[in-house]
Amino acid sequence: MTAIKPERPGAKAEPAPPQAIKGTHDILPGEVEKWQALERLARETFELYRFRELRAPVFEPTELFEKGTGATSDVVTKEMYTFTDRGGRSLTLRPEYTPSVVRAIIEHRLDLEGAPMRYYFMGPMFRYDKPQKGRYRQFHQIDIEVFGEKDAAVDAEIVDMAHALLGKLGVTGTETLVNSVGCRACRPPYSAALREAAGKRLADLCPDCRRKAEANPLRIFDCKIEACREIAAAFPSIQDFICRECREHFGELLASLDVLGIPYRVEPRLVRGLDYYTKTTFEIVSPALGAQNSLLGGGRYDDMMKDFGGPDICGTGFAMGIERVLSVADLRAPARRLLYVAHLGRAGREAGLALARFFRGSGVECLMEFKDRGMKAHFGRANKLGADWVLIVGEDEMAKGRFGLKAMATGRQADGTREELLAVIRES
Ligand code: HAM
């Protein structure tokens, strides 16, 4: 731990209090309720489409991402949290989820089960990028993946599912961008055309893009530098290069989006930052977000499973950034009702313990604090906490076996056995 400099010469250095790592965040009570609501709505929505949760480890062998996410992607070349463990293995904190799902399918032969291969997941991802609004080093994704469906209609269906969820979250004013990045047949001629175009502007491109021009010119479109973006805007469009099969697939995608009534814009420069995409790519963006405007992004990756040495099964999916979606969502934490136990004396404390357990067992959120307070202080505290009711457990009440219940909003007071008071709470 670093030490804070002593203010006065000779004074002892105090250890600096610990702090969260830059680009990571605590999600505190008050905020976390929105996360819980979002997670609940996401589960409900995805399960309506017969998706099931698949949880994979937070770290994986580094080569999984090198091979899956792609050796020429920014994520792999610049952003991974990679470390060597005590056994000398290179491991990486997952920067995305897609390669992990593909690995899990192959490892457990989920393709042989006959169940629809539709999976969802939510959890933290790790990328070492420069933190700014909407871009963090530990961020959270909700990810969905579908396997074994070649038809472009399923790409449209998952875009529709994303909109269904965004609608429930109260996110409005989004735009849907779609593109086709072709396949292994039509991408090489396109890459060659890009390489040629980039070759003519090499001197004006940043060093990173110069390197990309050779290794994978498609990745020049991921550059965040304005000068490079302007140059790339004049590069040939993939839409002029895709083969017949990819063109038909793209036509099907647009037709299915029309059937579902989803407005979209074809964005020929939407190649997405990961190397695995084939045919469909899409993003849903929000102008309310500023520079990091992508709420979610995804597409098709028909070769990954085969490239991993597994069966030849195509995949398609998307991931949504939870932080970004929450920053534009209109979610209210659900109202919760609280019963506060005001206990007096040792006997009151003991009776209060048993009563609190009774009410909780009956589904009532109940708080008992073990401080010696007078009745007035108990009510002050209950008021401060916004409690809905106060249960009064004093000596008189115990002697009678009947307790007092005060409704804080109305001031109305009831008196009864614990069962009678439970009925009062349930009725109110
Ligand atoms: P991605 O575009 O890299 O795609 O990330 C998806 C979403 O995660 C972004 O749209 C954004 O909302 C969020 N996101 C990404 N990086 C950050 C960051 N540093 N801070 C905050 N939010 C971030 C994927 O990860 C693919 N695995 C999606 C996919 C699934 N494609 C097919 N299946």
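Counting convention: from 1, in listed order, for ligands and their atoms alike. The model shown is predicted, which means the values in this text are computed figures rather than measured ones.
Ligand-side atoms of ligand 1 in range of G297: 10 (O), 28 (C), 29 (C), range being under 4.0 angstrom from any heavy atom. Near L295, meaning under 4.0 Å from any of its heavy atoms, are these atoms of ligand 1: 10 (O), 12 (O). Near D143, meaning under 4.0 Å from any of its heavy atoms, are these atoms of ligand 1: 30 (C). Of all atoms in ligand 1, listed by their number and element, those nearer than 4.0 Å to a heavy atom of E145 are 30 (C), 32 (C), 33 (N). Every atom of ligand 1 with a heavy atom of F318 under 4.0 Å away is listed here by number and element: 29 (C), 30 (C), 33 (N). Atoms of ligand 1 found under 4.0 Å from any heavy atom of L274, numbered from 1 in the order shown, are 4 (O), 24 (C), 26 (C). Close approach of ligand 1 to L296 is summarised as follows: ligand atoms under 4.0 Å from at least one heavy atom of the residue are 10 (O). For ligand 1, the atoms closer than 4.0 angstrom to any heavy atom of G298 are 31 (N).
Of all protein heavy atoms, the one lying nearest to atom 10 (O) of ligand 1 is S294 OG, 2.8 Å. Protein heavy atom in closest approach to atom 19 (N) of ligand 1: Y136 O, 2.9 Å. The nearest heavy-atom contact from the protein to atom 32 (C) of ligand 1 is G317 O, 3.3 Å. Protein heavy atom closest to atom 13 (C) of ligand 1, with residue, atom name and distance, is G321 CA, 3.6 Å.
With a 4.0 Å cut-off on non-hydrogen atoms, R135 touches ligand 1 through its backbone as well as its side chain. With a 4.0 Å heavy-atom cut-off, ligand 1 is reached by the side chain of Y276 but not by its N, CA, C or O. Only the side chain of R272 comes within 4.0 Å of ligand 1, counting heavy atoms alone; its backbone N, CA, C and O stay farther away. Heavy atoms of Q141 found under 4.0 angstrom from ligand 1 belong exclusively to the side chain.
Under a 4.0 Å N-O distance rule, the pair E107/R103 qualifies as a salt bridge.
Checked against the 6.0 Å centroid criterion, the rings of Y97 and F121 qualify as a close aromatic pair.
Between E96 and R127, the closest side-chain pair of non-hydrogen atoms falls below 4.5 Å. Within the 4.5 Å cutoff, the side chain of F308 has heavy atoms near those of the P99 side chain.
Here atom 31 (N) of ligand 1 lies nearest to Y277 when heavy atoms of Y301, Y277, F139 are compared. Checking Q138, E96, R127, M125 against atom 27 (N) of ligand 1, the nearest heavy atom belongs to E96.
In this structure, R201 CZ and E230 CD are separated by 9.5 Å, a value rounded to the nearest 0.5 Å.
Contacts of D240 classified as salt bridge (charged side-chain N to carboxylate O under 4.0 Å, His left out), with partners at least two apart in sequence or in another chain: none. For K224, the salt bridge (charged side-chain N to carboxylate O under 4.0 Å, His left out) partners at least two apart in sequence or on another chain are D129.
Between the side chains of E145 and T98, at least one donor-acceptor pair of N or O atoms lies under 3.5 Å.
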